[in-house]
Colleague: 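Input: one structure, supplied below.
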2 protein chains.
Amino acid sequence: MLDQESTDTEALIIEAAKKVFFRKGYDGARLQEIADESGIGRTALHYYFRSKEKLFSTVMKDFFSETERRVTQFDPCEVPIVERMRNFASSYMKSALRNPEFDLFMLNEFNNNPDFIAEVLLKTIPVNMHEHFIVPIEEAVRKGELKGDPHQIFITLLSVCMFPFTGMAMIKKMLKFSDEAYMDLLRQREAFILSFLETAFKA
Amino acid sequence: MLDQESTDTEALIIEAAKKVFFRKGYDGARLQEIADESGIGRTALHYYFRSKEKLFSTVMKDFFSETERRVTQFDPCEVPIVERMRNFASSYMKSALRNPEFDLFMLNEFNNNPDFIAEVLLKTIPVNMHEHFIVPIEEAVRKGELKGDPHQIFITLLSVCMFPFTGMAMIKKMLKFSDEAYMDLLRQREAFILSFLETAFKA
DNA sequence: TAACTGTTTGACATTTTTGTCGAACACAAA
DNA sequence: TTTGTGTTCGACAAAAATGTCAAACAGTTA
């Protein structure tokens with residue numbers, strides 16, 4: 001068969017695997033389900049990607065090398081920290097909306113296999129969070145522009161961005177949101193966060 | 001053997017199972033590991049609790065009927081909403097510190113089996129979040145005491161409390177925290193949140 | 001001590017999931 | 001049509017995890 005079609009099948013499998021892995025986690029994912037989702041036989045999975053682990057590894061690398069990153073580029077150091085935090089939140093929310101199930105998956109991977117996921121992640125986003133966020137926040141606190149412990153501020157920034165995705169299932173159930181209604185809420189959240197950041201840490 | 005000892009073994013197993021389930025999730029948990037952690041044979045698990053599912057179910061019910069709830073009591077409606085939010089955050093942080101691994105586990109359960117976990121949870125904490133938080137926040141926004149969409153405000157409250165626990169592994173890795181240093185940060189977070197709540201949503 | 005009860009253990013069975021292999025297949029080029 | 005290459009499929013093997021059972025065991029009571 002043509003090389004083209006082969007690549008297509010591979011891509012098809014990777015897409016299907018991505019969905020299933022993100023939904024169920026590595027342990028919960030079943031090769032059979034991935035096969036069904038791709039519309040191919042389970043044996044073909046082994047033909048293209050030797051084993052579950054190799055498939056997983058490929059999926060992860062593919063995911064991070066795609067445009068699917070939470071933040072594609074970080075501001076240079078000249079940009080004031082408060083603006084940088086805003087941009088981070090904006091990029092994050094926009095990206096996460098395209099893959100709402102990824103965040104919880106990622107937290108689990110950090111729990112189960114921190115080294116692997118950290119390596120894959122840092123390979124594509126080689127940003128030192130400490131230098132890039134903590135240090136500048138410290139400085140802003142010293143100057144009296146922000147108030148509070150720098151780590152706590154940064155963690156709060158992460159919290160308000162990520163949690164609505166990681167906690168999606170729980171919040172929907174608790175507040176009786178439909179899938180569509182909750183997606184709407186997520187879409188509106190960027191604006192909420194930006195306005196929230198105006199006052200949240202102001203000294 | 002005495003009934004006393006039997007109960008002790010059961011309790012021992014439940015404690016061990018709790019640890020393993022919270023760390024690994026239902027899918028990731030292995031009966032062998034639970035047996036090892038309890039210091040008993042794997043077959044004895046089946047003697048006490050027929051199956052993995054039954055054991056899990058018992059663990060969950062036990063956990064929620066214990067004092068291990070995130071918020072043991074909610075304020076009556078007379079208490080002003082802002083103060084209620086503060087109390088919620090305080091209780092939550094204190095409780096979560098005793099079981100830091102539970103939160104991520106719970107989010108996963110909500111993902112995998114929302115009905116089961118919601119039922120168990122609501123059986124012990126029969127609080128309607130909408131009535132208890134959303135409606136009063138709406139009112140406060142109308143009165144001009146708070147600003148922003150009520151749902152977004154409530155989700156933000158949840159975020160700043162829960163995320164530091166659910167995202168523990170990720171944050172530790174990202175910011176190069178040691179286990180002890182991160183526990184310290186968590187202990188200091190209650191105070192941070194309380195001061196943060198003073199300004200975050202003020203109109 | 002003998003009979004009884006609840007507990008533990010090891011050997012085995014079952015189920016679930018993953019992995020392998022060779023035959024069949026489709027299609028293109030010789 | 002034959003040969004070759006890459007792909008698919010079904011049957012089967014292996015591994016991993018859960019579940020069952022009867023025999024041994026440890027105490028308690030008659």
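Predicted, not measured: the structure shown is a model, and the values here were computed from it. The basis for the numbers below is simple: all heavy atoms, side chains too, and nothing from hydrogens, waters or symmetry mates.
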Colleague: Regarding dG19(D), can its base be found pairing with the side chain of Arg42(B) as donor and acceptor, where the two atoms are less than 3.5 Å apart?
Modeller: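 Between dG19(D) and Arg42(B), which were checked side chain against base, a qualifying N/O pair under 3.5 Å is present.
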Colleague: As a test of reading the structure: which of dG19(D), dT7(C), dT7(D) is closest to the side chain of Tyr48(A), going by heavy atoms?
Modeller: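 Comparing dG19(D), dT7(C), dT7(D) against the side chain of Tyr48(A), the answer is dT7(D).
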Colleague: Between Ser51(B) and Ala44(A), just flag the one whose closest nucleotide in DNA chain D comes earlier from the 5' side.
Modeller: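 Nearer the 5' end of the strand: Ala44(A).
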Colleague: Mark yes or no for whether Gln188(B), through its side chain, and Asp149(A), through its backbone, hold a donor-acceptor pair below 3.5 Å.
Modeller: no
Colleague: Taking the ring centre of each residue, are Phe64(A) and Phe102(A) less than 6.0 Å apart?
Modeller: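 Ring centroids of Phe64(A) and Phe102(A) are less than 6.0 Å from each other.
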Colleague: May I have the distance from His46(A) (atom NE2) to dT7(D) (atom C1'), rounded to whole angstrom?
Modeller: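 It is 15 Å, rounded to the nearest whole Å.
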Colleague: May I ask you to establish whether Lys52(A) and Tyr26(A) are in a cation-pi arrangement, using a distance under 6.0 Å from NZ or CZ to the six-membered ring centre and at most 45° from the ring axis?
Modeller: yes
Colleague: Just compare dT20(D), dT18(C), dG19(D) and give me whichever is closest to any side-chain atom of Thr43(B).
Modeller: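 Nearest to the side-chain atoms of Thr43(B), counting from C-beta on, is dT20(D).
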Colleague: Could you tell me the separation between the CG atom of Leu12(B) and the P atom of dT7(C), rounded to a whole number of Å?
Modeller: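 Between P of dT7(C) and CG of Leu12(B): 14 Å.
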Colleague: Using whole Å, what does the distance between atom C1' of nucleotide dA16(D) and atom CG of Asp27(B) come to?
Modeller: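 It is 14 Å, rounded to the nearest whole Å.
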Colleague: Just compare dT20(D), dT18(C), dG19(D) and give me whichever is closest to any side-chain atom of Arg50(B).
Modeller: dT20(D)
Colleague: So, does Tyr47(A) get its side chain near the phosphate of dC21(C), meaning an N or O under 4.0 Å from OP1 or OP2?
Modeller: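 No, outside the criterion.
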Colleague: Rounded to whole Å, how long is the line connecting atom CG of Leu55(A) with atom P of dT17(C)?
Modeller: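 About 17 Å, once rounded to whole Å.
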Colleague: Whole-Å distance between dT15(C) C1' and Lys52(B) NZ?
Modeller: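 In whole Å, dT15(C) C1' and Lys52(B) NZ are 13 Å from each other.
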Colleague: Ala29(A) near the nucleic acid: base, sugar-phosphate alone, or nothing, with a heavy-atom cut-off under 4.0 Å?
Modeller: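 The answer is sugar-phosphate, as Ala29(A) gets under 4.0 Å only of primed atoms, P, OP1 or OP2.
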Colleague: In this structure, how many angstroms lie between the P atom of dT7(C) and the CD1 atom of Ile13(B), rounded?
Modeller: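 After rounding, the gap between these two atoms is 10 Å.
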Colleague: Give a yes or no answer on whether the side chain of Glu119(B) reaches the backbone of Pro114(B) with a donor-acceptor pair at less than 3.5 Å.
Modeller: no
Colleague: Without decimals, in angstroms, what is the distance between Arg30(B) CZ and dA16(D) C1'?
Modeller: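 The answer, rounded to whole Å, is 8 Å.
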Colleague: Just how far, in rounded Å, is P of dT8(D) from CZ of Phe49(A)?
Modeller: 12 Å
Colleague: Of Phe21(B), Phe165(B), Phe22(B), which is the lone residue that meets ring pair (Phe, Tyr, Trp, His ring centres under 6.0 Å) with Phe105(B)?
Modeller: Phe22(B)
